[in-house]
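Here the structure is a predicted model, which means the values were calculated and not measured. Numbers here are sequence positions counted from 1.
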Amino acid sequence: QVRLQESGPGLVKPSQMLSLTCTVSGALITKTYAWSWIRQSPGKGLEWMGTINWDGDPFLSLSFESRTSISRDTSKNQLFLQLNSVTPEDTAVYYCARAGGMMYDYWGQGTQVTVSS
């Protein structure tokens, strides 16, 4: 049973850093699949932010790469997202998901992040 669980602050202030954690159980992040961060903003569709492969290589969307980093802790089987210099436009539900080829087969339930002063 593969489970992904996002965690982190629900409220951050403009210009600050957003840090989120995805804890994975039932599968090893070092094998077979890639692991992605995706968000959905109010009134908008899903936005792929980036992926880290089973070998640890990150791939970032051109829309986010200037202020985003994705990393992992293999000993804890966790994924991390860091988004710098946030604005209210970064308010969204943030998801981690397992990527196999061109589709995602497992998703976390998502965590709401609001950027506001």
So, using side chain to side chain contact (heavy atoms under 4.5 Å, CB included) as the criterion, who are the partners of T87 when residues are at least two apart?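 Applying side chain to side chain contact (heavy atoms under 4.5 Å, CB included) to T87 gives E89, D90.
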
Could you tell me which residues satisfy side-chain hydrogen bond (donor to acceptor under 3.5 Å, both in side chains) with T111, sequence neighbours excluded, listed by chain and number?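 For T111, no residue satisfies side-chain hydrogen bond (donor to acceptor under 3.5 Å, both in side chains) once neighbours in sequence are set aside.
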
Would you kindly confirm whether [X] and [Y] end up in one hydrophobic cluster when ILVMFWY residues are joined by side chain heavy atoms under 4.5 Å apart?
X	Y	result
L79	V2	yes
V93	Y106	no
Y95	I70	no
I38	Y94	no

Verify, without hydrogens or angle tests, whether [X] (side chain) and [Y] (backbone) share a donor-acceptor contact under 3.5 angstrom.
X	Y	value
N77	V24	yes
D55	D57	yes
T91	V115	yes
W35	I29	yes

Taking the side chain as everything from C-beta on, heavy atoms only, tell me whether [X] gets closer than 4.5 Å to [Y].
X	Y	value
L20	F80	no
L83	R39	yes
T32	W54	no
S61	M49	no

Distance from [X] atom [atom1] to [Y] atom [atom2], nearest 0.5 Å?
X	Y	atom1	atom2	result
C96	I52	SG	CD1	12.5 Å
Q109	Q5	CD	CD	4.5 Å
S66	N84	OG	CG	9.0 Å

Taking side-chain hydrogen bond (donor to acceptor under 3.5 Å, both in side chains) as the cut-off, I'd like each qualifying pair that reaches into residues 9-26, sequence neighbours left out, listed once.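 Checked against side-chain hydrogen bond (donor to acceptor under 3.5 Å, both in side chains) - neighbours excluded - the pairs reaching residues 9-26 are T23-Q78.
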
Taking all non-hydrogen atoms of both residues, which atom of [X] and which atom of [Y] are closest, and how far apart?
X	Y	result
A92	S41	CB-OG, 3.7 Å
S36	W48	OG-NE1, 3.7 Å
P9	L18	CG-CD1, 4.1 Å

Check whether NZ of the Lys or CZ of the Arg R98 lies under 6.0 Å from the centre of the six-membered ring of Y33 and within 45 degrees of that ring's axis.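 Verdict for Y33: a cation-pi partner in R98.
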
Please evaluate residues F59 and E65 with respect to the criterion side chain to side chain contact (heavy atoms under 4.5 Å, CB included), reporting the C-alpha separation (whole Å), side-chain torsions for both, the decisive distance (0.1 Å), and the verdict. CA-CA 9 Å; F59 299 89; E65 64 180 359; over 6 Å; no

